[in-house]
Amino acid sequence: MADKEHDMADKPEIGDDHAMADKPVSDVFAAPQASPKFAKPLALLAFGFAVLTLVTGLAPVTGPVGMGIGLIAHLKGSRLGIAAAFACGAAMIAAMAFSMYLR
């Protein structure tokens, strides 16, 4: 019986904020740990797709592909991956707006 009381004392109760205070808080925007192989080349490839999106008329195709490659690079641990994904998205929006302007 004494063992059950001891086990119950270790478990935090509902609404007990002090029990969670000693656990470290992780950064939710940090890239998760993954194999860093080809992370930087994938980010550079995504930036290449951003340029390709602006130059060609294939923005609906090259924009999402570049964003996907940039997100994969981010998941592999590249710091440039998320910037490349945003660059592809911005390039896609700019290219589509420019093509609508020309029509």
Side-chain angles (χ1 to χ4, degrees):
M1 188 70 162
D3 291 330
K4 282 188 178 180
E5 290 175 7
H6 180 57
D7 289 339
M8 294 301 286
D10 292 339
K11 294 182 182 178
E13 293 187 23
I14 296 174
D16 188 11
D17 294 333
H18 299 293
M20 301 301 282
D22 58 346
K23 292 187 179 183
V25 178
S26 64
D27 185 12
V28 294
F29 295 108
Q33 294 297 323
S35 173
K37 288 185 177 182
F38 302 111
K40 193 168 222 173
L42 282 175
L44 295 176
L45 181 66
F47 276 119
F49 268 98
V51 171
L52 191 66
T53 300
L54 286 173
V55 173
T56 65
L58 300 173
V61 176
T62 57
V65 170
M67 286 189 287
I69 292 172
L71 290 176
I72 291 171
H74 172 69
L75 290 178
K76 285 188 163 283
S78 174
R79 299 185 72 130
L80 295 174
I82 199 74
F86 277 113
C88 285
M92 182 179 67
I93 291 171
M96 287 179 163
F98 185 68
S99 69
M100 289 298 291
Y101 176 72
L102 290 179
R103 290 186 181 173

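- If you chain together hydrophobic residues whose side chains sit under 4.5 Å apart, Ile72 and Leu45 fall into the same group.
- Closest approach of Ala95 to Thr53, counting heavy atoms only: CB-O, 3.6 Å.
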- Item | Candidate pair Val51 and Phe47, rule side chain to side chain contact (heavy atoms under 4.5 Å, CB included), full reasoning | CA-CA 6 Å; Val51 171; Phe47 276 119; 6.0 Å; no
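- Follow the hydrophobic side-chain contacts under 4.5 Å out from Met96 and you reach Met67 in the same cluster.
- Grouping the Ile, Leu, Val, Met, Phe, Trp and Tyr side chains by contacts below 4.5 angstrom, directly or via other members, places Leu42 with Phe49.
- For the pair Cys88 and Ala46, the tightest heavy-atom approach, listed with the atom from each and the gap, is SG-O, 3.0 Å.
- Residues Leu80 and Ala43 come closest through the heavy atom pair CB-CB, 3.8 Å.
- Across Ala59 and Met92, no two heavy atoms sit closer than the pair O-CG, 3.5 Å.
- At a threshold of 4.5 Å between side-chain heavy atoms, the hydrophobic network of Ile, Leu, Val, Met, Phe, Trp and Tyr places Phe86 and Leu71 in one connected group.
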